[in-house]
**Q** 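Got a structure here, written out as structure tokens. Questions coming.
Chain letters run A, B, ... following the sequence lines, proteins first, then strands; residues in each count from 1.
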Amino acid sequence: DAKTTQPPSMDCAEGRAANLPCNHSTISGNEYVYWYRQIHSQGPQYIIHGLKNNETNEMASLIITEDRKSSTLILPHATLRDTAVYYCIVIIQTGANNLFFGTGTRLTVIP
Amino acid sequence: DSGVTQTPKHLITATGQRVTLRCSPRSGDLSVYWYQQSLDQGLQFLIQYYNGEERAKGNILERFSAQQFPDLHSELNLSSLELGDSALYFCASSVEGQAQTQYFGPGTRLLVL
């Protein structure tokens, strides 16, 4: 079930920040926002997740709006290796049995 | 490297045949998930096993079956293959039964001719 909306594609210049938006206006209070990416034909890779606070790790930052209806994944200094399809997934924190991958955003980092 | 291994990497077979795909989860992970990715369908969840028991089923055809063995490796069996079964098949694993953070293998590319 598609609970998220993402733009189909985006470009970003190498070295610049890539900001990938995601709309999840029907998110419930016990649902988290997870981000995965899939580099061409490789297995998807977990990036980051959050509930309502902003989160940062070595790969990216996640900004969630106060009403939790949207979020933005930020890759602070995009490299060519960040070219991938990025998936925003809304999922309950306990009891979920699988991930639903929508169509994602195809990010192309341009040299 | 996610720690999840899948064999074989590539498989070419004919319609009507049967194949077995194998997955070894990360050390310590009890759950294994299988996904299918075809060009027109995106990533589709097939089935989940947790510590040897089937836990959840997704869009898995009756011609497909899976199992998880006592050593926690898993096999996905695809039979009576059709052209439309050509796809990338990914295995993922997670700690316990939590599906949120999964570690994916490199996939098996199946081509049915």
**Q** Are Arg55(B) and Tyr50(B) in a cation-pi contact, defined as NZ or CZ under 6.0 Å from the six-membered ring centre and within 45° of the axis?
**A** yes

**Q** Given that the side chain runs from C-beta out, which part of Thr103(A) has a heavy atom under 4.5 Å from chain B: side chain, backbone, both or neither?
**A** neither

**Q** So for Gln37(B), is it side chain, backbone, both, or neither that comes closer than 4.5 Å to the heavy atoms of chain A?
**A** side chain

**Q** If you check every heavy atom in residues 11-22 of chain B against those of chain A, which residues fall under 4.5 Å?
**A** none

**Q** Taking side chain as everything from C-beta outward and backbone as N, CA, C, O, which of these in Ser2(B) sits under 4.5 Å from a heavy atom of chain A? Side chain, backbone, both or neither.
**A** neither

**Q** Identify whether the distance between the nearest side-chain nitrogen and carboxylate oxygen of Glu66(A) and Lys52(A) falls below 4.0 Å.
**A** no

**Q** Regarding Tyr49(B) and Ser31(B), do their side chains bring together a donor and an acceptor under 3.5 Å, going by distance alone?
**A**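 No, no side-chain donor-acceptor pair sits under 3.5 Å.
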
**Q** For Tyr87(A), which atoms come within 4.5 Å of any heavy atom of chain B: side chain, backbone, both, or neither?
**A**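 For Tyr87(A), the side chain is the part near chain B, not the backbone.
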
**Q** Does any backbone or side-chain atom of Leu43(B) lie under 4.5 Å from a heavy atom of chain A? Answer side chain, backbone, both or neither.
**A** both

**Q** Name the region of Tyr35(B), side chain, backbone, both or neither, that has any atom closer than 4.5 Å to a heavy atom of chain A.
**A**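 When you check distances to chain A, only side chain atoms of Tyr35(B) fall under 4.5 Å.
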
**Q** Would you check if the side chain of Thr108(B) reaches a backbone N or O of Pro8(B) as a donor-acceptor pair within less than 3.5 Å?
**A** yes

**Q** Do any N or O atoms from the side chain of Gln67(B) and from the backbone of Glu53(B) form a donor-acceptor pair under 3.5 angstrom?
**A**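 Checking the backbone N and O of Glu53(B) against the side chain of Gln67(B), no donor-acceptor pair under 3.5 Å is found.
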
